[in-house]
Amino acid sequence: MQQLFDFLRRWNYLFLFVVLEAVSGVLLFRFNHYQGSVFLSAANGVNAGIGSMYADMEAFFHLRENNSSLTSENLRLARENEILRRTLAEYRHEPTGTERRMLERLAQFDQIPATVVSNDIYTAHNYIVIDRGTQDGVRPEMGVVGGGGVVGIVYLCGPHHSLVMPLINPKSSISCRVRGQEYFGYLQWDGQSTHHAYLDDIPRYAKVKAGMSIETSGYSAVFPPGLFVGRVTDVSNSADGQSYRLHVNLGTNFAALRNVIVITTPYKAEIDTLRAHIKTTD
């Protein structure tokens with residue numbers, strides 16, 4: 001307490017000066033309209049400046065949060081723009097002759113539209129992942145087609161996604177024929193170009209030339225007959241020399257594959273049951 005008294009005694013003149021200045025200021029600005037208006041204008045200006053500085057400081061401290069919000073918004077807008085661009089492209093797309101023919105062939109079959117979410121086509125064993133699974137009705141050994149032709153066969157299924165073995169997988173083997181002829185063989189991939197495969201076991205007396213269409217034969221429970229696969233680019237002898245090997249340019253562009261259709265033949269379960277019965281009785 002003594003220290004407080006000593007402090008006040010030492011600076012009493014200063015305190016008295018401040019008090020008198022405050023009283024004179026009040027008398028000056030309270031009872032003189034001009035001086036009062038000048039004071040209020042100056043006070044408002046100072047207050048506005050302080051408010052602006054506070055707003056700038058607050059914006060600076062929230063800059064990281066704002067940047068994160070803007071980044072998320074930009075990503076959302078980019079996704080929406082991509083969806084709209086894709087939808088517009090599909091709306092403007094005119095079906096080709098191959099697509100119309102395929103749609104006609106598939107009219108009597110159950111179809112499950114799907115989208116490719118992962119496309120691994122540059123490895124020794126290529127696979128495709130689609131966004132449909134068992135909860136959507138997809139099962140292993142169902143056929144998969146796209147706008148350009150046959151894509152492959154469902155290999156594994158999860159609840160919401162499925163793994164598709166495409167034509168460009170070394171394990172793939174699909175029964176195909178030359179359109180307009182009954183000669184058929186098994187389409188296989190040589191592990192090289194994703195645009196080409198080959199068809200063996202075509203008889204040497206078959207009249208086959210470049211440009212002819214290759215389609216599914218229907219000799220399986222996976223694909224109905226007549227689905228476009230590709231076109232013959234060259235005819236050569238097979239490895240055993242007893243038949244022709246047809247070099248086929250595939251109709252499906254796997255690098256740009258996006259929308260596909262999973263199909264199920266109505267009699268697949270019945271055919272599988274008969275085959276299983278044969279195996280058990282042998």
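Please read these numbers as outputs of a predicted model, since none were measured by experiment.
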What are the two closest heavy atoms between [X] and [Y], and how far apart are they?
X    : Y    : value
C157 : T134 : CB-CG2, 3.7 Å
L199 : I202 : CD2-CD1, 4.0 Å
I128 : P166 : CD1-CB, 3.9 Å
I263 : Q111 : CG2-CG, 4.4 Å
S173 : Q188 : OG-NE2, 4.0 Å

Using atom types as modelled and distance alone, determine if a side-chain donor or acceptor of T216 lies under 3.5 Å from a backbone N or O of F223.
no
Is it true that a side-chain atom of S238 and a backbone atom of S243 form a donor plus acceptor pair closer than 3.5 Å?
yes
Residues two or more places apart in sequence or in another chain: which of them pass side-chain contact (heavy atoms from CB on, under 4.5 Å) with [X]?
X    : answer
Y155 : Y127, L163, M165
T194 : I168
L167 : V150, S172, I174, L187, V229, L250, F254
D110 : T264

What residues form a side chain to side chain donor-acceptor pair (under 3.5 Å) with [X], not counting sequence neighbours?
X    : answer
H196 : S193
S217 : S175
H161 : none
T233 : none

Please, which pairs that meet salt bridge (charged side-chain N to carboxylate O under 4.0 Å, His left out) have at least one residue in residues 113-135, sequence neighbours excluded?
none
Taking only residues at least two apart or on different chains, which pairs with a member in residues 190-207 satisfy salt bridge (charged side-chain N to carboxylate O under 4.0 Å, His left out)?
D200-R245
Within the 4.5 Å heavy-atom criterion, are [X] and [Y] side-chain neighbours or not?
X    : Y    : answer
V262 : P113 : no
V138 : V154 : yes
N253 : H195 : yes
I112 : I261 : no
V145 : F228 : no
Y183 : Y205 : yes
T252 : L257 : yes
P170 : W189 : yes

Steps toward ring pair (Phe, Tyr, Trp, His ring centres under 6.0 Å) verdict (Y198, Y186):
CA-CA 8 Å; Y198 63 89; Y186 289 92; over 10 Å; no
Return the set of residues passing salt bridge (Lys or Arg N to Asp or Glu O under 4.0 Å) with R139 (not counting sequence neighbours), or none when no residue passes.
none
Is it the case that one hydrophobic cluster holds both L156 and I130, taking links as side-chain heavy atoms less than 4.5 Å apart, direct or via other members?
no
Could you pull out all residues at least two apart from F184 that satisfy ring-ring contact (aromatic ring centres under 6.0 Å, His included)?
Y219
Value for CD1 (I214) from CD (Q181), rounded to nearest 0.5 Å, stands at 9.0 Å
Audit row: M212, R231, side chain to side chain contact (heavy atoms under 4.5 Å, CB included) steps and yes/no:
CA-CA 6 Å; M212 286 186 167; R231 295 189 183 278; over 6 Å; no
